[in-house]
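What follows is a set of notes on a single structure, which appears directly below.
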Number of protein chains: 2
Amino acid sequence: MFSRACEYSIRATILIATHSMVGERVSLKDIARKTDSPLAFTGKVLQQLVKGGIVTSVQGVNGGFEIGQKQMEETRLSQIVAAIDGEQIFRACGLGLQACNAKKPCPLHDKFASIRNDLKTMLEGTSILDLSTGLKDGLTFLQR
Amino acid sequence: MFSRACEYSIRATILIATHSMVGERVSLKDIARKTDSPLAFTGKVLQQLVKGGIVTSVQGVNGGFEIGQKQMEETRLSQIVAAIDGEQIFRACGLGLQACNAKKPCPLHDKFASIRNDLKTMLEGTSILDLSTGLKDGLTFLQR
DNA sequence: TTAAACTCGGATAAATTTGTCCTGTTTAAA
DNA sequence: TTTAAACAGGACAAATTTATCCGAGTTTAA
């Protein structure tokens, strides 16, 4: 469904949020370890999120990644997905046809659009905070 | 959502069905042209469908691909997807975590499982015939 | 001022997916 | 029986995604 890069970025962001909730930063090293993600590659995708204004990074000793309280409340999962995988997933035809639309639909158009819209609605309705509270409370997990 | 190979295979199968409805075979050449797919690559994925028993091929002059009436009624889109992309799409965790399940869920588990099940239900409830009739009647399209 | 703990970013490598090419085999018809 | 149309399949090439490596810059604290 999502690319690896996107999966890593979501896992990382959720972890960062649980630390930011208690006023801590997380290093890339810890992120990679606690989300079972390749360190250097995760570093790359996190840079994209920094550029996208979704998380903040601080260099130097005691540096790391963090996300503001307001950011984690307001940022939607859809924004992370869009930042890494692009908007295609929200609009693309299920059969890969460029010209497919409601007026000239592919055979799967209606049925697929329905699912795709449900996905979009779900991603737009889910904040980073929503995903992070369960992890912080030990109700959900990020380990492989 | 689906791989290119899977998109091509679905497009090809739908086209084959519209021809089989009127007792014709379609050549790979025609399939590639009418579904805007790369010929040789589409040939490969069609071989997988032949091996999977979803479509039938006939070699030699006037050969081509076909699908039986019963096959197009009974074969579900889910079977094509499974034959090409595997079952992962129906079971995988949204965040790519191997160990994610209902008892030890990832933060997105419930919301994602819901969408994924809707997709599964849709694919299992859609037959090749369902997709082909609209195309045959000129109500839907396969051209890019 | 030096060392250590960090992120940043370019280069490169590995793996996977996508795509092409070419040769062989089968089949029907001329 | 020859020829041409068609699928089968191996080898290879291109493109994309995933992943690693390394040097450089930044910041804190000893």
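Owing to the predicted nature of the structure, the values given are computational and were not obtained by experimental measurement.
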Legend entry - Contact state string [nucleotides 2-14 of chain D, B base, S sugar-phosphate only, - no protein heavy atom under 4.0 Å]: --BBBBBBBB---

Legend entry - Non-neighbouring partners of A:Asn117 that pass side chain to side chain donor-acceptor pair (under 3.5 Å), sequence neighbours left out: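 None.
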
Inset, instruction - Indicate yes or no: at least one non-hydrogen side-chain atom of B:Phe65 is less than 4.5 angstrom from one of B:His19. - result: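 Side-chain contact under 4.5 Å: no.
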
Inset, instruction - Could you state whether B:Phe2 and A:Phe90 fall into the same hydrophobic cluster, counting links through intermediate Ile, Leu, Val, Met, Phe, Trp or Tyr residues with side-chain heavy atoms under 4.5 angstrom apart? - result: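 The answer is yes; both residues are in one hydrophobic cluster.
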
Legend entry - Shared hydrophobic cluster for A:Ile14 and A:Val50 (ILVMFWY, side-chain gaps under 4.5 Å):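 As far as the 4.5 Å side-chain criterion goes, A:Val50 and A:Ile14 are connected within one cluster.
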
Inset, instruction - Just say parallel, tilted or perpendicular for the rings of A:Phe41 and A:Tyr8, cut-offs at 30° and 60°. - result: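 Plane angle over 60°, so perpendicular.
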
Could you state the [atom1]-[atom2] distance from [X] to [N], rounded to the nearest angstrom?
| X | N | atom1 | atom2 | result |
| --- | --- | --- | --- | --- |
| A:Ile84 | D:dT18 | CD1 | P | 11 Å |
| A:Gln48 | C:dG9 | CD | C1' | 13 Å |
| A:Glu7 | D:dT18 | CD | P | 9 Å |
| B:Phe41 | C:dC21 | CZ | P | 15 Å |
| A:Arg25 | D:dT28 | CZ | C1' | 11 Å |
| B:Phe2 | C:dT17 | CZ | P | 16 Å |

Inset, instruction - May I ask you to evaluate whether B:Tyr8 reaches the phosphate of C:dG19, defined as a side-chain N or O under 4.0 Å from OP1 or OP2? - result: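 Yes, because at least one side-chain N or O of B:Tyr8 sits under 4.0 Å from OP1 or OP2 of C:dG19.
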
Legend entry - Stepwise side-chain contact (heavy atoms from CB on, under 4.5 Å) test for A:Ile10 and A:Ile128: CA-CA 9 Å; A:Ile10 297 170; A:Ile128 305 305; over 6 Å; no

